[in-house]
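Okay, so here's the structure we're looking at.
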Amino acid sequence: MGLSVGIVGLPNVGKSTTFNALTKAANAQAANYPFCTIEPNKAVVEVPDHRLNELAKIVNPQRIMHSMIEFVDIAGLVKGASKGEGLGNKFLANIRETDLILHIVRCFDDENITHVEGGVDPIRDIEIINLELILADIEQLNKKLDRLAKEAKANLKGAKECLELAQDLLKHLEDGKMASEYANRDSEAFLTLNKELRLLSAKEVIYGVNVSEDELLDDNDYVKKVREYAAKSNHSVMKLCAKLEEDLVGMDEAEANEFLNELGVSESGLAAIIRTSFAKLNLISYFTCGVQEVRSWTIHKGYKAPKAASVIHNDFEKGFIKAEVISYDDFIACGGEAKAKEAGKLRLEGKDYEVIDGDIMHFRFNV
Ligand code: GDP
């Protein structure tokens, strides 16, 4: 399941600081998730979800298990990466594996921290990285064109459309535009092509604008510019102060909340980014509630009940009979499963039921 977010950005913009905060959070949570392996450039973290705490207040379980999301540190992307500068090509290949890009952009002034390009200019920075993504895509697409031409000549099904689209897309990229801005990106030919090529510039992007602590509340001019830029391609902008995030993960919850309150913000930027990433990947959660654990399970939006059950165990899908479902709101309003059942809020759903975010599920199966 697609759950991987690649962190990119120019040097000295706050990527490592952001990634360190994620790693610290992951390490602090690791004891709860023995199945998560730890790799140096990856951090698997909990997706914050207050609903789990509300459920736990009712059920009183031994443990709470969150949905998880993986962040991959793709350090070292610099100007010229697509031509192999630095370890460029290797890093670009790493991005290809991810499902979403978190692009950290420097939006803070600090004369003690040098900027590789001379001064703070977020749009220039964004365009440097985006151009590398585009150039890498052009290379990929060029490699593919010969084969597409052969397939079209042999009259393979859909090949002619694919070839035409690839040629048109190539022109678009050569104009310096991202594949995510391409007009025909919803067409079948594009989707087929992209499934294979996993174009870097077609990926959804969250611009993580890194600001200083005292600029978290109101947008500074840099942030305003990034918002305007991102709006053109429908990408999200999330504000964070990377330095503060590192401090926050070291604090207990009450302390962190007090700190955020003083700054006038309700949630840490990183928590918001993690939640948004999850949503952007088109993922939702359903819950299982028992005295042992209250747990969040990750599925793609649109999964039917048997497929959703398979993320717990394949047998649940194979032997699926029915799903007992209580919606989150009903569960909370009634004060638990037994009372929800009494109130007629427990539904018995079949194999065509499309699971809704927040459903509390219990599967009946037989293998
Ligand atoms: P990377 O090269 O993008 O990984 O950048 P780093 O995370 O190593 O950050 C570069 C420098 O900027 C470090 O000295 C950080 O402490 C500093 N830095 C990161 N975020 C902030 C911030 O929000 N404000 C300020 N003033 N400095 C920051």
Side-chain angles (χ1 to χ4, degrees), residues 5-27 39-43 45 70-81 85-88 90-92 94-95 98 100-133 200 205-227 237-251 256 259-260 262-265 267-274 277:
V5 183
I7 306 179
V8 306
L10 284 181
N12 264 356
V13 297
K15 282 186 313 297
S16 313
T17 314
T18 305
F19 185 72
N20 286 346
L22 286 161
T23 307
K24 269 197 206 169
N27 287 341
E39 292 176 53
N41 69 332
K42 291 184 180 165
V45 292
E70 178 183 272
F71 286 83
V72 186
D73 182 17
I74 310 197
L77 198 59
V78 291
K79 206 182 212 167
E85 297 275 331
L87 289 167
K90 180 173 169 289
F91 293 123
L92 290 165
N94 287 342
I95 305 176
T98 64
L100 177 82
I101 292 175
L102 173 60
H103 186 157
I104 304 288
V105 186
R106 174 162 167 182
C107 287
F108 63 87
D109 285 311
D110 187 336
E111 58 195 31
N112 296 318
I113 295 162
T114 44
H115 193 295
V116 281
E117 296 295 326
V120 181
D121 181 346
I123 304 302
R124 175 206 56 210
D125 289 3
I126 288 176
E127 289 186 334
I128 288 174
I129 295 284
N130 284 352
L131 183 62
E132 294 306 321
L133 305 182
L200 306 182
V205 182
I206 296 177
Y207 291 108
V209 290
N210 188 14
V211 297
S212 49
E213 210 170 292
D214 51 6
E215 289 182 318
L216 271 174
L217 213 50
D218 297 315
D219 285 357
N220 64 24
D221 287 345
Y222 299 134
V223 174
K224 284 181 190 151
K225 282 188 189 147
V226 177
R227 286 199 197 279
V237 178
M238 311 281 308
K239 226 182 326 183
L240 84 162
C241 170
K243 246 172 146 175
L244 170 74
E245 294 300 333
E246 252 200 308
D247 297 338
L248 281 174
V249 279
M251 297 178 195
F259 210 88
L260 291 170
E262 272 171 29
L263 292 170
V265 290
E267 185 182 32
S268 95
L270 210 52
I273 286 175
I274 297 170
S277 301

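What's counted below: heavy atoms across the whole structure, side chains too, no hydrogens, waters or symmetry copies. In this chain, numbering begins with 1 at the start of the sequence shown. Every number for a ligand or one of its atoms is a count from 1 in the order of the listing.
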Revision key, fill the gap. Near Leu10 (heavy-atom distance under 4.0 Å), the atoms of ligand 1 are 3 (O)
Exercise for review: Using distance alone, determine whether Ser16 and ligand 1 share an N or O pair under 3.5 Å.
Suggested key: yes
Exercise for review: Measure the distance from atom 16 (O) of ligand 1 to every protein heavy atom, then report the residue, atom name and distance (to 0.1 Å) of the closest one.
Suggested key: Lys243 CE, 4.0 Å
Exercise for review: Using heavy-atom distances, let me know which of Leu240, Asp110, Ile113 sits nearest atom 11 (C) of ligand 1.
Suggested key: Ile113
Check your understanding: Do any nitrogen or oxygen atoms of Asn210 come within less than 3.5 Å of a nitrogen or oxygen of ligand 1?
Key -> yes
Revision key, fill the gap. With heavy atoms and a 4.0 Å threshold, my read on which part of Val211 contacts ligand 1 is backbone
Check your understanding: Can a donor-acceptor pair be found between the side chains of Asp109 and Tyr222 at a distance below 3.5 Å?
Key -> yes
Practice item. Just let me know how Thr18 lines up against ligand 1, side chain, backbone, both or neither, with a heavy-atom cut-off below 4.0 Å. Key: neither
Review point. Could a heavy atom of Gly9 be found less than 4.0 Å from some atom of ligand 1?
Key: no
Practice item. Would you check if the side chain of Lys239 reaches a backbone N or O of Val209 as a donor-acceptor pair within less than 3.5 Å? Key: no
Revision key, fill the gap. Note: heavy atom closest to atom 19 (C) of ligand 1, options Thr17, Asn12, Val13, Ile104, belongs to Thr17
Check your understanding: NE2 of His103 to CG of Asp125: how many Å apart, nearest 0.5 Å?
Key -> 7.0 Å
**Study point:** Donor on one side chain, acceptor on other, Thr17 and Glu245, under 3.5 Å
**Key:** no
Check your understanding: When you look at Lys15 and Asp73, which way does the salt bridge (charged side-chain N to carboxylate O under 4.0 Å, His left out) test go after all the steps?
Key -> CA-CA 8 Å; Lys15 282 186 313 297; Asp73 182 17; over 6 Å; no
Review point. When you measure from atom 5 (O) of ligand 1 to every protein heavy atom, which one gives the shortest distance, and what is it?
Key: Gly14 N, 3.1 Å
Exercise for review: Measure across Leu22 and Ile274 and return the closest heavy-atom pair with its distance rounded to 0.1 Å.
Suggested key: CD2-CD1, 4.0 Å
**Study point:** Shortest non-hydrogen contact between Glu215 and Cys107, atoms and distance
**Key:** OE1-O, 4.3 Å
Study note, to complete from the structure: The protein heavy atom nearest to atom 18 (N) of ligand 1 is Phe108 CZ, 3.9 Å
Practice item. Could you give me the CA-CA distance, side-chain angles and deciding distance for Ile101 and Ile206, then say whether side-chain contact (heavy atoms from CB on, under 4.5 Å) is met? Key: CA-CA 6 Å; Ile101 292 175; Ile206 296 177; over 6 Å; no
Check your understanding: Is there any N or O on Pro11 that sits under 3.5 Å from an N or O of ligand 1?
Key -> no
Check your understanding: Which pair of heavy atoms, one from Ser268 and one from Leu248, lies closest together, and at what distance?
Key -> CB-CD1, 3.7 Å
Review point. With a cut-off of 4.0 Å, which atoms of ligand 1 are near a heavy atom of Cys241?
Key: 23 (O)
